[in-house]
Amino acid sequence: MDSSEFKEFSKSMADFIANYLDNIRQRHVLSTVEPGYIRNLLPVAAPEEGEKWQAVMDDLEKVIMPGVTHWHHPQFHAYFPTANSYPAIVADMLSGAIACLGFSWITSPACTELEMVMLDWLGKMIDLPADFLSGSNGNGGGVIQGTASEATLVALLGAKAKVLKKIDELTPNTSNDEGVAAKLVAYCSEHAHSSVERAGLLSGVIMRAVPAEDDYRLRGDALRAFIREDKQAGLIPFFAVATLGTTNCCAFDDLDEIGTVCRDEDVWLHVDAAYAGSAFICPEFRPLMKGVEKADSFNFNPHKWMLVNFDCAAMWLKEPSYVVKPYGVDAAYLKHNHQGTIVPDFRNWQIPFGRRFRSLKLWFVLRIYGVKGLQAYIRKQVALAKQFEGLVLQDSRFELVCPASMGLVCFGLKGRNELNEILLKKINSHGRIYMVPSQIRDKYFLRMAVCSRFCQPADMELAFHEVALLATELLNILS
Ligand SMILES: *Cc1c(COP(=O)(O)O)cnc(C)c1O
């Protein structure tokens with residue numbers, strides 16, 4: 001393909017994308033294809049001769065779109081949002097064109113340096129303490145990880161290196177002794193994301209789930225009791241994850257209390273604010289991150305709720321050296337003249353080696369929306385959730401599981417779990433809106449997440465109307 005064909009192809013694609021998003025409401029939010037559908041639509045092997053790009057475009061509606069679940073449909077209320085904006089899409093085009101691998105500074109200085117500055121911009125937008133930022137006096141700095149899951153794993157590995165170093169300093173040459181690694185214990189709330197448990201499994205350390213309060217928040221005393229008990233038993237507590245905005249119901253652990261416990265007990269504190277962290281660009285939500293100065297690492301995903309398309313998980317570390325030094329690699333072909341200066345080689349801050357130029361999409365989004373535009377976006381989505389909460393409260397057949405939190409409302413019909421299980425099945429098979437359930441201990445409930453950036457107040461009315469209508473049908477059958 002030459003450049004003139006590329007221009008035509010990409011213009012045609014830009015039209016397709018704009019039409020897709022402009023008319024997304026007319027589509028069925030949840031794909032209804034059966035497993036294996038795509039094999040029937042495709043040849044059994046790759047074409048021998050190259051085809052025209054128009055032929056590929058022609059197949060998008062036939063082959064791809066039937067199997068797409070439309071995450072940006074205003075009636076998509078499942079999981080949490082994933083971001084989508086035109087500036088981020090365009091930035092990814094440029095990233096695709098430069099197509100560098102930013103594993104070290106020299107491989108494209110702009111790739112590393114824009115990322116450093118963007119993470120400083122972003123850190124300032126949520127008022128992170130200066131010692132997390134690279135443009136300050138401390139050792140801190142930010143990095144873009146692919147996902148919150150990787151950020152948690154990287155933080156855990158840093159914490160492990162730190163505690164093993166400490167053990168070696170106290171009793172030289174013992175950190176490698178058999179048994180020391182087996183004694184390491186990490187902690188999270190019982191409501192932490194499954195990726196936190198997985199970070200424990202992947203790194204072979206015990207991850208203990210600490211019970212939260214009845215309002216789903218993890219408090220300091222509960223964590224302290226677990227740590228003390230484990231120390232008594234001869235174990236080595238070294239890492240804890242506080243969640244700001246749990247996936248189940250968007251609860252906020254008490255970061256301030258947990259931070260104090262972690263400082264007292266010399267435990268690395270990582271903050272997982274994957275979804276809700278974007279809200280901290282609005283000052284009114286920052287009381288929920290009180291105590292953040294006691295954390296060692298912090299992550300939130302602009303790719304969830306800040307209009308930067310996947311993948312973009314923003315992570316800050318106060319002491320990246322605990323990740324960089326023990327796990328860093330430095331083969332001859334990787335050496336360059338500016339190593340170890342003010343510029344990092346980001347390959348050593350992450351699990352993979354290669355990395356894309358992802359900071360471009362942050363730069364585009366931050367400049368084109370501005371802080372005010374992004375704040376307005378967050379506030380609008382929070383207000384939509386409040387509106388839905390109001391509709392739930394007006395219908396006495398329903399109850400809230402907890403007050404609406406950020407863009408999430410957890411609710412259900414009063415009564416037994418089975419009732420809500422059947423109701424959700426009816427809702428999703430009717431297909432006007434899409435939601436997923438959750439369960440905390442023995443309570444099963446529905447989650448309405450405000451996801452699409454196209455959501456308007458009328459969409460909240462539509463969603464609740466749909467739920468109420470199907471509830472009426474269900475209750476009529478049962479009575
Ligand atoms: C979504 C979510 C995650 C997982 O995010 P990835 O970036 O996909 O790894 C982790 N923690 C919380 C609290 C989440 O909401």
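Both ligands and their constituent atoms are indexed starting at 1 by order of listing. Position 1 is the first residue of the sequence, and the numbers go up from there.
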Would you say the rings of [Y] and [X] are close, in the sense that their centroids are separated by under 6.0 Å?
{"X": "Tyr434", "Y": "Phe76", "result": "yes"}
{"X": "Phe411", "Y": "Phe464", "result": "no"}
{"X": "Trp71", "Y": "Tyr79", "result": "yes"}

Which protein residues come within less than 4.0 angstrom of ligand 1, counting heavy atoms only?
Phe80, Thr147, Ala148, Ser149, His193, Ser195, Thr243, Gly245, Thr247, Asp272, Ala274, Asn301, His303, Lys304
May I ask you to decide if the ring planes of Phe346 and Trp349 are parallel, tilted or perpendicular, using 30° and 60° as cut-offs?
perpendicular
Any donor-acceptor N or O pair under 3.5 Å, side chains Thr112, Glu115:
no
Taking side chain to side chain contact (heavy atoms under 4.5 Å, CB included) as the definition, give me every residue that meets it alongside Tyr327, ordered by chain and number, with sequence neighbours left out.
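Expected list: Leu157, Lys160, Ala161.
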